[in-house]
Amino acid sequence: MERGLQIEVESMKCHVCGGTMTPVRSDMPFKLDQTRIVIIRDLPVFQCSQCDEHLFEDAVMQKIEATLKKADSGAELEVVRYAA
């Protein structure tokens, strides 16, 4: 990890509780409407060590949005793996 990025990651604070945001991989559900949920597995997120609030980097959010647009409109529950 580059030094500048490491300092930035170490200094990230949660906007909810002020806790430290840590980079982790996690499975996240996204509710598309009343009957459809997509779970994206192995997402890179920043998660608060105190309150579990999470943040996505902009590039990750763009990939999430693209994945959700391609979701099967006939499926009530779909599970997909995040592709970097």
Side-chain angles (χ1 to χ4, degrees):
M1 184 180 298
E2 293 178 25
R3 175 117 175 98
L5 182 59
Q6 184 177 4
I7 291 169
E8 183 179 326
V9 169
E10 289 174 356
S11 64
M12 286 184 62
K13 297 293 179 190
C14 177
H15 66 279
V16 174
C17 74
T20 303
M21 300 298 282
T22 306
V24 298
R25 293 234 175 228
S26 184
D27 300 343
M28 303 291 295
F30 295 88
K31 187 172 181 178
L32 303 181
D33 59 36
Q34 293 293 1
T35 61
R36 296 184 334 154
I37 296 173
V38 175
I39 297 172
I40 303 180
R41 302 205 54 198
D42 203 29
L43 272 173
V45 301
F46 290 97
Q47 186 168 352
C48 178
S49 59
Q50 292 183 34
C51 74
D52 291 332
E53 180 70 12
H54 60 273
L55 296 172
F56 303 108
E57 290 181 301
D58 290 342
V60 172
M61 193 65 222
Q62 290 174 350
K63 289 180 182 178
I64 291 170
E65 290 171 351
T67 299
L68 296 178
K69 284 180 184 177
K70 293 188 276 184
D72 183 352
S73 62
E76 290 183 21
L77 176 64
E78 185 174 357
V79 180
V80 295
R81 183 167 298 281
Y82 177 76

To check you understand the geometry: which heavy-atom pair defines the closest contact between [X] and [Y], and what is its length?
X: Lys13; Y: Gly18; answer: CD-O, 3.5 Å
X: Glu78; Y: Asp72; answer: OE1-N, 2.8 Å
X: Pro44; Y: Arg25; answer: CD-NH1, 3.4 Å
X: Pro29; Y: Asp27; answer: CD-O, 4.2 Å
X: Cys48; Y: Gly19; answer: SG-CA, 3.9 Å
X: Phe30; Y: Ile40; answer: CE1-CD1, 3.8 Å

**Message:** Evaluate His54 against Met21 for side-chain contact (heavy atoms from CB on, under 4.5 Å), listing each step before the verdict.
**Reply:** CA-CA 8 Å; His54 60 273; Met21 300 298 282; 5.6 Å; no

**Message:** I need the Phe46 CZ to Glu57 CD distance, nearest 0.5 Å.
**Reply:**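 Answer rounded to 0.5 Å: 4.5 Å.
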
**Asked** So how far is it from Gln50 CD to Cys17 SG, rounded to the nearest 0.5 Å?
**Response**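 One finds 4.5 Å between CD of Gln50 and SG of Cys17.
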
Taking [Y] as the starting point, is it possible to reach [X] by hopping between hydrophobic residues whose side chains are less than 4.5 Å apart?
X: Val80; Y: Leu68; value: yes
X: Val45; Y: Val60; value: yes
X: Leu32; Y: Leu43; value: yes

**Stepwise side-chain contact (heavy atoms from CB on, under 4.5 Å) check, Ile39 with Met28** = CA-CA 6 Å; Ile39 297 172; Met28 303 291 295; over 6 Å; no

**Message:** Show, in sequence, the C-alpha distance, side-chain angles and deciding distance for Lys63 and Tyr82, and conclude whether the side-chain contact (heavy atoms from CB on, under 4.5 Å) test is met.
**Reply:** CA-CA 8 Å; Lys63 289 180 182 178; Tyr82 177 76; 3.3 Å; yes

**Message:** Quick one, Lys31 and Val38 - any side-chain contact, counting heavy atoms below 4.5 Å?
**Reply:**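 Not in contact.
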
**Prompt:** Do Glu76 and Arg36 come close enough that some side-chain heavy atom pair is under 4.5 Å?
**Reply:**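 Glu76 does not reach Arg36 side chain to side chain.
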
**Message:** Could you go through Gln47 and Val24, starting from their C-alpha distance and side-chain angles, then the distance that decides it, and tell me whether this counts as side-chain contact (heavy atoms from CB on, under 4.5 Å)?
**Reply:** CA-CA 7 Å; Gln47 186 168 352; Val24 298; 3.5 Å; yes

